[in-house]
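Each remark here refers to the structure printed beneath this line.
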Amino acid sequence: MDCVICRCEEVLLSDIVRAIEDGYTSHREIKLKTRAGMGICQGRTCRLLLDQVIASVSQGPVPKTIGIAPNVPIRPIMLGDLAKGGGKAK
Amino acid sequence: MSMYMKAGIRMTSAEIVVIGAGVIGTSIAFRLAESGRQVMMIDRNGIGAATSSACDKAIFLQSKRPGLHMDLARESRNMYNTLEEELGQSVEFKGAGGTVAIHTEQQMLFMKKFVHDQTQAGINVSLLNQKEAKEQQPILADDIIGASYSPDDAEVNPLKLSQGFATAAKRLGVEIMTHTEAIGIEKSNGKVTGVKTSKGVISTETVINACGPFASSIARFSGVPMNIKPRRGVILISEKVDPIVNGSLLDAQYIAAKHLSGQQPEYGIGLSLGQTDSGNLLIGGSREFVGFNKHVHSDVLHAIAYHACKVVPALTNIRIIRSMVGFRPFTGDGLPIIDRSEQLRGYILAAGHEGDGIALSPITGCLVRDLLNGGGPTSRFLPHLTSDRFKEKTLL
Amino acid sequence: MRIEQHPILGPLNNETVTFTFNGDVYEGRKGESIAAALLANEIRTLRYTAQKNEPRGIYCGIGHCYECRVMIGTKRSVRACITEVVEGMKIQSQGG
Amino acid sequence: MRMDVAIIGSGPAGINAAITLAKKQKSVVVIDEQGKVGGKLIGQLHEDPKDGWWIGKQIAEQMKREAEQVGVIFLLQREVWAIEPGWSIKMSGHEDITASYVIVATGAQENPTPVPGWTLPGTLAIGAAQVLNNYERVRPGKRIAIIGVDPLAFTVAQELKLAGADIVGIYLPPEGLFATEKAKPQSTIGYLSTMAHLAPNPWLRLAGSMAKHHFIQKMGSRFYPKAGMKVFGVPLRLRHSIISIEGTDQVEAITTVKLSSEGKAVKNSEESIVVDAVCISGGLVPLVELASSCKTVYIEELGGYVPLHSPEMKTSKKNLYVCGNITGVEGAKVAMEQGKLAALSIVYKMTGDEQLREEVRSQKEEVNRIRAEATITFMPEIMSGRKKMEQMWNEYVHESRDTHDIR
């Protein structure tokens with residue numbers, strides 16, 4: 001039975017399986033292809049699930065990706081808050 | 001079960017090997033396959049996984065300098081009109097026009113001349129007063145003094161673009177090997193004989209280096225030196241919001257950062273704003289020479305955010321969910337190198353589009369096709385895109 | 001839904017606050033989260049998704065999944081699960 | 001604001017670290033994105049065989065009072081979005097905090113188990129149900145089903161029951177991609193046996209003694225009553241799994257299926273059961289994102305990726321320390337002792353005081369003692385996980401002694 005995997009971007013298990021079968025095999029490729037992990041939670045909820053799907057479809061070990069690119073901001077903050085540190089040099 | 005999962009290469013020879021599966025490599029692979037060539041495309045990561053997925057989505061014509069740059073961009077822009085039909089899928093292309101916001105009298109002076117030159121060159125672009133600018137782009141700050149507008153500017157989803165080219169190329173028989181890194185070029189008697197990869201050797205007489213900012217590392221083991229250096233660009237991605245941007249938006253500081261070398265703003269900040277079909281805003285950006293350093297100090301993010309809020313105050317309450325770091329292939333004159341190597345036969349370079357990879361992706365496939373096949377509608381551009389134009393001045 | 005009597009935790013704080021959700025007026029308890037206040041009023045659906053228009057409510061409860069995001073005035077994507085409801089608060093469902 | 005130490009996370013680890021530091025006359029700030037202090041502690045409620053009722057909310061309030069008395073500054077409802085060397089803590093609202101030392105005590109997050117229909121309002125991560133029920137005092141539902149068989153599921157089931165909810169059962173997750181072993185009765189009984197010392201739980205004691213050996217595990221799964229057994233009045237259904245959650249605008253029912261002793265779904269055994277809430281328990285995973293600049297290692301027994309750290313809680317980054325569930329999933333009492341240990345290590349490093357060296361040493365022992373005594377073990381192999389970490393740290397120190405300042 002099909003099931004939502006990425007809740008933010010409404011990506012289904014079948015979407016991910018299809019992408020893997022089409023040759024998009026890594027975490028990043030699946031993200032770029034299906035948008036899984038691109039939403040407001042940035043993969044916090046689906047990251048580990050994606051690893052499991054990859055392992056299952058490719059019949060390999062669960063990829064032990066940390067899945068955490070050191071990507072700031074680590075929390076979604078308002079652009080206005082981010083702007084407060086700017087403009088010093090001007 | 002996917003064939004890409006297994007290690008090792010099924011095909012061990014190819015007529016042409018394209019290294020790099022970004023918006024440039026995939027476009028080349030597609031056009032070559034279309035012209036009957038047998039092509040293999042390799043990428044150390046995945047389709048469009050590097051620079052082509054860390055860029056904005058605008059196809060701007062009015063930001064280009066009149067002359068060769070403009071002619072290339074215009075021709076490429078026209079190719080977009082039929083591209084989705086050719087690829088058999090949507091790349092979220094929209095001819096929704098583009099606006100350049102003008103904030104200061106100094107910018108106005110610069111933009112007046114810029115727009116004048118562009119109009120002379122036959123570009124459909126006009127200057128808007130404050131009221132017209134706000135009508136065109138209601139989210140602009142009240143203190144803008146005007147804008148320039150072109151209905152010919154357009155936009156596309158870069159992720160869909162490389163995926164679209166790749167899918168269409170595959171349909172035409174191109175074999176795509178992802179997670180396959182080129183680690184050497186095999187040569188004999190001054191000719192290419194193969195590409196050494198992390199998964200084995202592919203014998204070929206023609207190899208195309210379409211590695212964008214990473215082209216230099218391939219060039220190094222080909223023995224053919226080149227001058228492309230990475231210029232880092234950072235873009236902020238917002239949460240999904242209802243459509244608020246009409247087409248694409250730049251500000252005059254962006255144009256200045258692009259074209260004026262003397263008065264660069266700090267971190268090369270200039271606003272570029274676009275919105276994807278999914279509702280996320282892409283808020284750019286910076287231009288910096290920091291090598292391949294992916295770590296972005298918060299000062300850069302602050303500067304981008306500060307500038308964006310100044311030009312578009314409506315963005316203030318929108319949340320930023322992440323930042324994108326891309327390395328643009330910088331040549332120095334804003335134009336790519338599409339050229340055969342003189343020293344090594346069969347080695348072709350197709351890289352160096354800097355921030356125009358998205359705009360010039362369609363035409364680059366045709367340029368390389370015409371370079372290899374001879375003749376063709378784009379061959380008139382090729383003499384201007386050779387690598388020996390840099391012979392006098394070394395950038396690195 | 002409120003646990004007025006609890007064998008271990010004793011009686012409940014009875015100080016109330018009044019707030020609105022999508023224009024309707026509700027009563028909550030002082031100090032509780034927006035999510036708790038809405039659930040106590042039997043409201044589980046906080047928003048509908050952008051693409052498929054599916055209902056969503058609180059899921060992780062610790063501010064990670066953002067499923068419970070709501071608008072408070074002009075402030076977007078406020079997490080109902082970790083934000084305290086206060087007197088006079090105007091809460092709106094957020095699209096997307 | 002310039003501080004000696006900034007602590008991210010006000011859970012039991014972070015807050016105890018803060019109290020310890022403040023008592024040693026260090027200036028310390030605790031930052032949390034929640035409005036209340038205590039992290040996951042606030043929802044906890046269980047009967048401890050030795051100490052009676054453990055009421056997380058009260059313990060958190062008490063610790064907060066103590067912390068404030070000794071001068072700890074709390075910055076709540078601040079989202080930390082970056083930590084830059086120096087240390088500069090970047091927060092929403094753009095308040096500037098610089099600190100000589102940082103302790104990242106961000107705890108753990110839940111690992112979801114996706115089930116068709118799990119996005120319907122009314123389906124909650126089990127930790128969310130716990131906080132709503134015990135802290136907010138709002139029942140997540142009147143009739144509740146629980147997916148996943150693990151210590152947290154048992155604990156929360158009992159807590160929901162205490163608050164008057166009707167628990168229709170604790171079920172196995174659906175068989176498939178995400179719960180291969182967890183979805184099998186046999187391996188679940190094996191897993192339960194590792195929690196045999198879970199004292200407040202009679203069924204587990206039984207399962208524990210029954211399931212020590214593989215053969216008996218097999219027998220157990222075969223003879224496990226199809227109707228389930230009741231554990232403090234909650235049906236534990238090891239021979240049923242939930243295959244979907246139904247409803248239009250919110251949860252209205254679950255569909256269950258019977259399982260063979262091998263864990264295969266029995267044909268035509270689907271049954272629909274009316275519920276208004278479903279809790280999913282999929283285990284906990286350390287939340288390392290704010291410490292992602294440190295070297296991290298994967299240790300299954302600790303819950304996944306964790307920052308590489310010394311037995312004194314220091315990481316590969318100079319003056320960055322960790323404590324609590326970010327270092328491996330354990331109970332609140334262990335987290336508190338780890339917090340104190342991280343704090344003492346920092347004070348020792350700051351002062352070089354020999355007496356502190358002794359305090360650090362004895363606090364390390366205290367952590368181990370509390371760990372050994374824990375009544376709830378989330379990760380059955382936690383001890384071997386901790387040993388692996390110590391080995392990895394020693395290797396790291398050995399490898400990097402010429403290049404790094406790992407003091």
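By convention in this document, chain letters (A, B, ...) are assigned in the order of the sequence lines, proteins followed by strands, and residues within each chain are numbered from 1. No hydrogens, no waters, no symmetry mates; every other heavy atom, side chains included, goes into these values.
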Is A/Cys41 close to chain B through its backbone or its side chain, or both, or neither, when contacts mean heavy atoms under 4.5 Å?
neither
So for A/Arg75, is it side chain, backbone, both, or neither that comes closer than 4.5 Å to the heavy atoms of chain B?
backbone
Looking at B/Asn280, B/Ile318, B/Val296, which one has more heavy-atom pairs under 4.5 Å with chain A than the rest?
B/Ile318
Look at B/Gln163, B/Met324, B/Glu239 and state which one has the largest set of heavy-atom pairs under 4.5 Å with chain A.
B/Gln163
Would a distance-only check, ignoring hydrogens and angles, find a side-chain to backbone donor-acceptor pair under 3.5 Å from [X] to [Y]?
X	Y	answer
B/Lys240	A/Ile40	no
A/Asn71	B/Arg322	no
B/Arg319	A/Met78	no

Closest heavy-atom contact between [X] and [Y]?
X	Y	value
B/Cys309	A/Ala83	SG-CB, 3.9 Å
A/Glu29	B/Ile47	OE2-N, 4.2 Å
A/Leu32	B/Ala49	CD1-CA, 3.6 Å
B/Ile321	A/Gly39	CD1-O, 3.5 Å

Taking everything shown except B/Asp142 itself, do over 12 heavy atoms lie less than 6.0 Å from its CG?
no
Under 3.5 Å side-chain donor-acceptor pair for A/Ser26 and B/Asn45
no
Measuring from atom CD1 of B/Ile283 to atom CG of A/Leu79, what distance do you get when rounded to the nearest 0.5 angstrom?
5.0 Å
Where does B/Ile304 contact chain A at under 4.5 Å (heavy atoms): side chain, backbone, both or neither?
neither
Please evaluate residues A/Leu82 and B/His302 with respect to the criterion side-chain contact (heavy atoms from CB on, under 4.5 Å), reporting the C-alpha separation (whole Å), side-chain torsions for both, the decisive distance (0.1 Å), and the verdict.
CA-CA 5 Å; A/Leu82 199 53; B/His302 286 315; 4.2 Å; yes
